[in-house]
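Throughout, protein chains are lettered first and strands after them, A, B, ... in sequence-line order, and every chain is numbered starting at 1.
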Amino acid sequence: MPPYTGLLEMPKPLATAQPNGLDFFAAPIRAALAASLDVDESLLQLERPRQEALGQFALPCFRFAKAAGKNPAELAANWAEAFSVEHITATAAGPFLNFSIDEDRLAAVVLESALREDFATGNEDCTTVVEFSSPNIAKPMHVGHMRTTVIGAALARFYTRLGHHVIKINHIGDWGSQFGKLVAAWQRWGSNEELEKAPIAHLLALYVRYHEAEKQDESLPAEAKKAFQELESGDDNQTRATWKKFTELSLREFEQVYARFGIEFDFVRGESWYEDKLTDILTWLDSSGVLKEDAGAQIIDLTAEGIKTPCLVKTAHGTTLYATRDIAAAKSRWEEFKFDQMLYVVGAEQTLHFQQFKAALKLCGAEWQEKMEHIPFGLIRMAEGKLSTRAGRVISLSEVLDRAVELAREAVDKKNPELATKAEVAEMVGVGAVVFHDLKHQRQKDVVFDWKEVLSFEGDTGPYLQYTHARCCSILRKAERSEPVLEEIDPKLLRGGKDLFVAVGRLPQALREAAQKREPNTVAQALLKIAAAGNSYYRENRVLGLDDDALTDARLAVIDMLRRTMKLGMDLLGVPAPEEM
RNA sequence: GCGCCCGUAGCUCAGCUGGAUAGAGCAUCGGACUUCUAAUCCGACGGUCGAGGGUUCGAAUCCUUCCGGGCGCGCCA
């Protein structure tokens, strides 16, 4: 495993985060406008101009013009005339009022704030529970699990950075009638030897075999049902011991994947963890008067909440269901953590399920259900159709990572044959490519899994970000100069980097937006812009080998800012940041 | 049938709590390595934002209908 410790090094937010980056300028602009125009500051939503050349902030004047019965262009012109804030120029462009920050001032402020520990932090003091990843035991994690894992982990880091107390929960699928099937299959065809060798592969084979045999052999479903009932009985029987062994072996395999992603959970709790709470939950539901019997099963009617499909909490043969366990888990977590929000990073195909069990909780008078939010994401599909474990149409997650690392290794061999740490770097580049590919898209959209796309290392990709970071590290390594004193840098020497300063300066805003929308791609896109501006910058502005020490120091500071910002952004996303590649 | 999501350049996608000539990457074509990593940079080509209607000073963005694709709809999870 590579020495990937980036996430652990991430600076903790300070208690009093100050506005930094471009936020530093937004407040005075709004204050000045509000004061001179006598309008409420909340009405002054500063936008981003169409083109960067127009300025860093924009205010469309239409609605003010309408309210005042004036021509918007005239209004903008008047306001531009009256606007006076040091270092900021207001220009009317038709009906728009654009604000441009003096290049030197912008550079100095962004440089200073991006080098501070509290850059892009927050002090939102609240408790956020994030449930994500949640694979099923006895099945390999496939590319479908990648999205919940990678998106959930990124969101958790965002909230941590913004000051939340974050609780990461891996809700392992280790309970349900499917394990009755698995145990039944194990009793018939299981091999201890195979299990030791490759636990999940063997269990998967048993599962697939079960589903094939089930078509011919009618006694099989009964065996499976009996096995699950034995599991739920709570007795320490052979079935339970078998199931426990499956769980442990599976978790051990999952841990390897999480280690590669650099992910740790606060709680790895299977559905079975809530098992002893299920009886109480059913009693609670019953006492709330929401339970109804229907064809032998216990259901909660949700038509009052506008949901036609009822929520099933107990089957006709007495076993609990997914919804029962999710209700139990939610209630248990509420009592344990008193969260301000609980996010479920689960595929969009389960939208109805979440609506159902939230509605069920609401009917029971559990007000706190409003704090629960399903964060859906689009499906990953193969060109041939939906991924299916049963049909064998899956690509395991480790296979994807291995393939990516293999290709990364070829690239490293070719591009940097002298590198001493090729294997480690290849691991980071491969994993980074896969992770970033997932995070750069809007999470709601379905994605068709395309090897060529995922394994691309050029253009808007993870390795592009990594390359930018590595280049900075390389320049700083070769500089052989003591760290410049920030206060001594003449802002004039920072000229030529405005695009970069603007891009970096927008990161705090991007992080806040990403957290609010629960959308990692906002940070991913912002980081791509920073990398692009950075690559142009050091292409145009040579740092080393200059005659001018002051200029070298100034540019070194810029490179250091770029390096740190890239590292911060990549840490937030979970993209490893090698120092050489 | 009902419900949810998606439809932007040849391909993959940004942009979506309405705002100014719709942006990237890939692919194609052209240019840049005697100097800090060419996994890069600079440029060209490329779009009736699925279609119609509506709201609005202004719509890729909001509403609505239709078309196309995906997902879901009680004893699986």
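Picking from rC13(B), rC41(B), rA77(B) the nucleotide with the shortest atom distance to the side chain of R539(A) gives rC41(B). Comparing rU21(B), rG19(B), rU12(B) against the side chain of E453(A) picks out rU12(B) as the nearest. Side-chain proximity of I475(A) to the nucleotides rG72(B), rC13(B), rC36(B) is greatest for rC36(B). Taking every side-chain heavy atom of N98(A) into account, rA20(B) is the closest of rA39(B), rA20(B), rG15(B). Of the candidates rU21(B), rG74(B), rU37(B), the closest approach to any side-chain atom of A470(A) belongs to rU37(B). Taking only side-chain atoms of F457(A), from C-beta outward, the nucleotide of rG74(B), rA39(B), rA77(B) with the closest atom is rA39(B). Comparing rA77(B), rA39(B), rG74(B) by their closest approach to the side chain of Y322(A) singles out rA77(B).
Across the strands present, rG7(B) finds its partner in rC67(B); the criterion is a Watson-Crick or G-U wobble pair with both atom distances under 3.5 angstrom. With a 3.5 Å ceiling on both atom-pair distances, the Watson-Crick or G-U wobble partner of rA44(B) is rU28(B). Base pairing of rG72(B): its partner is rC2(B), meeting the Watson-Crick or G-U wobble criterion (both donor-acceptor distances under 3.5 Å). rC16(B) is unpaired under the criterion used here, namely a Watson-Crick or G-U wobble arrangement in which both key atom distances are under 3.5 Å. Summarising the base pairing, rA39(B) is matched to no nucleotide, lacking a Watson-Crick or G-U wobble pair whose two defining distances lie under 3.5 Å. When Watson-Crick and G-U wobble pairs are counted only if both distances are under 3.5 Å, rU21(B) pairs with no nucleotide at all. With a 3.5 Å ceiling on both atom-pair distances, rC33(B) lacks any Watson-Crick or G-U wobble partner.
Ring to ring, F179(A) and F228(A) are not that close: their centroids are 6.0 angstrom or more apart. Aromatic pair F62(A)/F96(A): centroids less than 6.0 angstrom apart. Aromatic pair W175(A)/W273(A): ring centres not closer than 6.0 Å.
Taking atom CZ of R542(A) as the reference point, atom P of rU37(B) lies 9 Å away to the nearest angstrom. The distance from atom CH2 of W175(A) to atom P of rA77(B) is 11 Å, rounded to the nearest whole Å. Atom-to-atom, CG of D460(A) to P of rG15(B) comes out at 13 Å; the value is rounded to the nearest Å. A straight line from CG of L46(A) to C1' of rU17(B) spans 16 Å, rounded to a whole angstrom. Protein atom CE of M566(A) is 12 Å distant from nucleotide atom P of rU40(B), rounded to whole Å. Rounded to whole angstrom, the span from the CZ atom of R50(A) across to the C1' atom of rA59(B) amounts to 12 Å. When rounded to the nearest whole Å, the span between CD of Q356(A) and C1' of rC2(B) equals 14 Å. For the pair L544(A) CG and rC36(B) C1', the interatomic distance rounds to 5 Å; values are reported in whole Å.
Applying the 3.5 Å distance criterion, the base of rA77(B) shares no donor-acceptor pair with the side chain of D174(A). Judged by distance alone with a 3.5 Å cut-off, no donor-acceptor contact links the side chain of R471(A) to the base of rU37(B).
If you check every strand for non-hydrogen atoms under 4.0 Å, A295(A) touches a base. Across all strands, D294(A) comes closer than 4.0 Å to base atoms (heavy-atom distances). If you check every strand for non-hydrogen atoms under 4.0 Å, Q51(A) touches a base. Among the atoms of the strands shown, none is found under 4.0 Å from any heavy atom of H353(A). When heavy atoms are screened at a 4.0 angstrom cut-off, E580(A) is found touching base atoms of the nucleic acid. As judged by a 4.0 angstrom heavy-atom cut-off over every strand, P376(A) is placed among residues making no nucleic acid contact. Residue A348(A) is out of contact with every strand shown, counting any heavy-atom pair closer than 4.0 Å. Using a 4.0 Å heavy-atom cutoff across all strands shown, G173(A) reaches no nucleic acid atom at all.
In terms of phosphate contacts, K478(A) brings a side-chain nitrogen or oxygen within less than 4.0 Å of OP1 or OP2 of rU37(B). The side chain of K445(A) contributes an N or O atom lying less than 4.0 Å from OP1 or OP2 of rG7(B). Proximity of N535(A) to the phosphate of rA38(B): no side-chain N or O atom is located under 4.0 Å from OP1 or OP2. Contact annotation: Q442(A) side-chain N/O to rG15(B) OP1/OP2 distance is under 4.0 Å. At the phosphate of rA77(B), OP1 or OP2 sits under 4.0 Å from a side-chain N or O atom of R325(A). The phosphate of rC2(B) has neither OP1 nor OP2 within less than 4.0 Å of any side-chain N or O from K308(A). Applying the 4.0 Å criterion to OP1 and OP2 of rC41(B), one finds that S536(A) has every side-chain N and O outside that range. When the side-chain nitrogen and oxygen atoms of S474(A) are compared with OP1 and OP2 of rU37(B), one or more of them lie within a distance under 4.0 Å. Under 4.0 angstrom from either OP1 or OP2 of rC41(B) there lies at least one side-chain N or O belonging to Y464(A). Phosphate contact (OP1/OP2 of rG3(B), side-chain N/O of T351(A), threshold under 4.0 Å): absent.
The aromatic ring of F62(A) does not sit over the base of rG58(B); the criterion of centres under 5.5 Å apart with planes under 30° is not met. In this structure, F96(A) forms no aromatic stack with the base of rG19(B), since the conditions of centre separation below 5.5 Å and plane angle below 30° are not both met.
R381(A) CZ to D446(A) CG: the interatomic distance, rounded to the nearest 0.5 Å, is 5.5 Å.
Listed here is the closest heavy atom pair of V346(A) and F377(A): C-CE2, 3.3 Å. Minimum interatomic distance between V345(A) and T148(A) (heavy atoms only, all atoms of both residues): O-OG1, 2.9 Å.
Base orientation of rG74(B): syn, since the glycosidic angle falls within 90° of 0.
Of the residues near RNA chain B, Y467(A) and T309(A), the one whose nearest nucleotide (by heavy atom distance) lies more toward the 5' end is Y467(A). Nearest-nucleotide positions on RNA chain B place R443(A) closer to the 5' end than the other of A532(A) and R443(A).
Defined by atom type and a distance below 3.5 Å, a donor-acceptor pair is present between the side-chain atoms of T468(A) and N535(A). Using a 3.5 Å distance cut-off with no hydrogens or angles, the side chains of Y322(A) and Q350(A) do pair a donor with an acceptor. Using modelled atom types, one finds no donor on one side chain facing an acceptor on the other under 3.5 Å when comparing N98(A) with T91(A).
Rounded to whole Å, the P atom of rA9(B) lies 15 Å from the corresponding atom of rG46(B). Rounded to the nearest Å, the gap between the P atom of rC16(B) and that of rU61(B) is 13 Å. Nucleotides rC76(B) and rG68(B) have their C1' atoms positioned 31 Å apart, rounded to a whole Å. Annotation: rC26(B) and rG19(B) have their C1' atoms spaced 31 Å apart (nearest Å). rU37(B) and rA24(B) have their C1' atoms separated by 24 Å, with the value rounded to a whole Å.
When each of E271(A), E275(A), H171(A) is paired with R325(A), the side chain to side chain donor-acceptor pair (under 3.5 Å) condition holds for E271(A) and for no other.
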